[in-house]
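Position 1 is the first residue of the sequence; numbering continues from there. If you're wondering where the values come from, they're calculated on a predicted model, not measured in any experiment.
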Amino acid sequence: MREVQMQALRAAREAALAGRTSREVGREKDLAALRWVYRWGWSSPAVVDLVASPGRRGVCARLRKRGLLVAHPTPGGGGLKGVPAEVVLLSEDGVAEVEAELPESAILPYPPSDGRAVPWHQIRHDTLVQLWTARKLAADTIIAYNTPRELMGRPSGNGVKQPDAVWRLADDGLAVAVELELTAKKDRELHQAALAIITAVHPGSDTKAKGPYDAVAILSHSQALLDRYRRLLTPGATITKYERGRDRHYKAAGAVKCPDWIRERVLFEKVTLW
């Protein structure tokens, strides 16, 4: 079934391009790149090119020459694997170009193009979230996504962490909250994260509301990090609950057993850093 749906998606793209001039195709690629940067707030040149024209480069450079994108060098020069040498934001003209094509409901406040709004302290993490979202789209694994900018202001519910992104799967349309983990959490943080994941995907009952997502995808370059999550998010595993006392310190406050239904609602995927 999934292969049939993927073929249908490819056929729809080919049909959409049929009969278009090279100028029209080029404009669609430019708009795809600009919309991507608009929705995320910023991006890297390599990711922009992957989104606009998989397998080819040059779209981002062309948009910079046209004054629609503004580049800022990354502190440290991108020497760490997974960190881009520079990022791009929309200029005022770039914002106007995108918003001219959007319905009013899809318009978001766009940050200044001076780079102050870029989360430099987690640039590697956020760039990789974008990269893997773009790769999933290119592979037709997902058909839609939501960015942190789009999720901002939409409460996920009590005890639910705002995800790094949300993917809509191509094969069944499920909404999957994405969590990219690059560093090991301490025991308390790991147990709290596991409880937040269970709350996020809870199927609903008489005593507990349904979670906002159908599943959670935990991505990491480290098999060890994935295994730590997997051990806690296994039916029957013991997860410690913590509460903050009057002294502002966290203390263990009981435990819960991981439910049986979790096995169908958490996905683990090892990814590369680029």
Side-chain angles (χ1 to χ4, degrees), residues 26-54 56-135 137-138 144-156 161-167 178-183 219 273-274:
R27 173 164 174 73
E28 183 55 39
K29 290 180 178 180
D30 289 352
L31 283 174
L34 294 173
R35 283 193 294 262
W36 178 271
V37 179
Y38 183 85
R39 293 179 67 182
W40 291 93
W42 59 274
S43 193
S44 77
V47 171
V48 170
D49 283 346
L50 174 60
V51 170
S53 188
R56 296 185 181 183
R57 296 182 180 181
V59 174
C60 186
R62 181 169 70 246
L63 293 173
R64 288 173 61 179
K65 288 181 180 179
R66 291 177 55 195
L68 300 178
L69 291 178
V70 177
H72 295 280
T74 302
L80 186 65
K81 193 171 184 179
V83 178
E86 60 183 9
V87 301
V88 291
L89 291 86
L90 296 176
S91 66
E92 289 187 8
D93 288 342
V95 173
E97 188 96 354
V98 173
E99 293 185 345
E101 304 286 336
L102 291 179
E104 186 174 354
S105 60
I107 292 178
L108 299 168
Y110 194 79
S113 61
D114 58 14
R116 284 180 296 175
V118 177
W120 299 112
H121 63 290
Q122 57 185 46
I123 197 70
R124 183 195 201 197
H125 173 278
D126 291 1
T127 300
L128 290 168
V129 172
Q130 290 195 33
L131 171 67
W132 282 95
T133 301
R135 286 183 172 172
L137 284 168
Y145 65 92
N146 289 109
T147 72
R149 243 166 69 76
E150 294 170 326
L151 296 170
M152 194 177 300
R154 300 184 194 177
S156 296
K161 176 183 175 295
Q162 198 81 308
D164 296 323
V166 175
W167 294 344
V178 178
E179 294 291 345
L180 175 65
E181 298 292 345
L182 298 181
T183 56
L219 314 182
L273 291 179
W274 190 254

Side chain to side chain donor-acceptor pair (under 3.5 Å) with Arg56: which residues, sequence neighbours excluded? none
Take Leu131 and Leu50, measure what side-chain contact (heavy atoms from CB on, under 4.5 Å) needs, and give me the verdict at the end. CA-CA 8 Å; Leu131 171 67; Leu50 174 60; 4.1 Å; yes
Before giving the answer on side-chain contact (heavy atoms from CB on, under 4.5 Å), spell out for Arg66 and Asp30 the whole-Å C-alpha distance, their side-chain angles and the decisive distance to 0.1 Å. CA-CA 11 Å; Arg66 291 177 55 195; Asp30 289 352; 3.1 Å; yes
Report, as yes or no, whether the 6.0 Å neighbourhood of atom CD on Gln122 holds more than 12 heavy atoms from other residues, nucleotides or ligands. yes
How long is the gap from CG on Leu34 to CG on Leu69, to the nearest 0.5 Å? 5.5 Å
Specify the closest pair of heavy atoms between Pro111 and Gly41, including all atoms of both residues, with the distance to one decimal. CG-O, 4.5 Å
Can any side-chain N or O of Gln130 pair as donor or acceptor with the backbone N or O of Thr127 at less than 3.5 Å? no
In the structure I gave you, are the side-chain heavy atoms of Leu219 and Asp164 within less than 4.5 Å of one another anywhere? no
Looking only at atom types and distance, does a side-chain atom of Thr133 sit under 3.5 Å from a main-chain N or O of Val129, one as donor and one as acceptor? yes
Walk me through it: do Val37 and Leu63 pass the test side-chain contact (heavy atoms from CB on, under 4.5 Å)? CA-CA 12 Å; Val37 179; Leu63 293 173; over 6 Å; no
Can you check side-chain contact (heavy atoms from CB on, under 4.5 Å) on Val118 and Leu89, steps first, answer last? CA-CA 9 Å; Val118 177; Leu89 291 86; 3.8 Å; yes
Contact list for residues 113-135, test ring-ring contact (aromatic ring centres under 6.0 Å, His included), sequence neighbours left out: none
Please enumerate all residues that pass salt bridge (charged side-chain N to carboxylate O under 4.0 Å, His left out) together with Arg64, with sequence neighbours excluded. Glu86
Can you confirm whether Leu80 sits close enough to Leu273 that some side-chain heavy atom of one is under 4.5 Å from a side-chain heavy atom of the other? no
Side-chain heavy atoms of Trp36 within contact of Leu137, under 4.5 Å: yes
Pairwise distance CG(Asp114) to CZ(Arg116) - rounded to 0.5 angstrom: 4.0 Å
By side-chain contact (heavy atoms from CB on, under 4.5 Å), Pro109 pairs with (sequence neighbours left out) none
How long is the straight-line distance from CG of Asp126 back to CH2 of Trp42, given to the nearest 0.5 Å? 5.0 Å
Tightest non-hydrogen contact, residues Ser91 and Ser113, listed as CA-CB, 4.4 Å
Does Arg27 have any side chain to side chain donor-acceptor pair (under 3.5 Å) partners at least two apart in sequence or in another chain, and if so, which? Glu97, Glu101
Short question: side chain of Asp49, backbone of Val59 - any donor-acceptor pair under 3.5 Å? yes
For residues Ala134 and Val47, report the shortest heavy-atom separation together with the two atoms involved. CB-CG1, 4.3 Å
Contacts satisfying ring-ring contact (aromatic ring centres under 6.0 Å, His included) that involve residues 68-119 (not counting sequence neighbours) are Tyr38-Tyr110
Counting only N and O atoms by type, is there a donor-acceptor contact under 3.5 Å from the side chain of Gln162 to the main-chain atoms of Leu151? yes
If you take all heavy atoms of Val48 and Ala33, which pair is closest and at what distance? CG1-CB, 3.5 Å
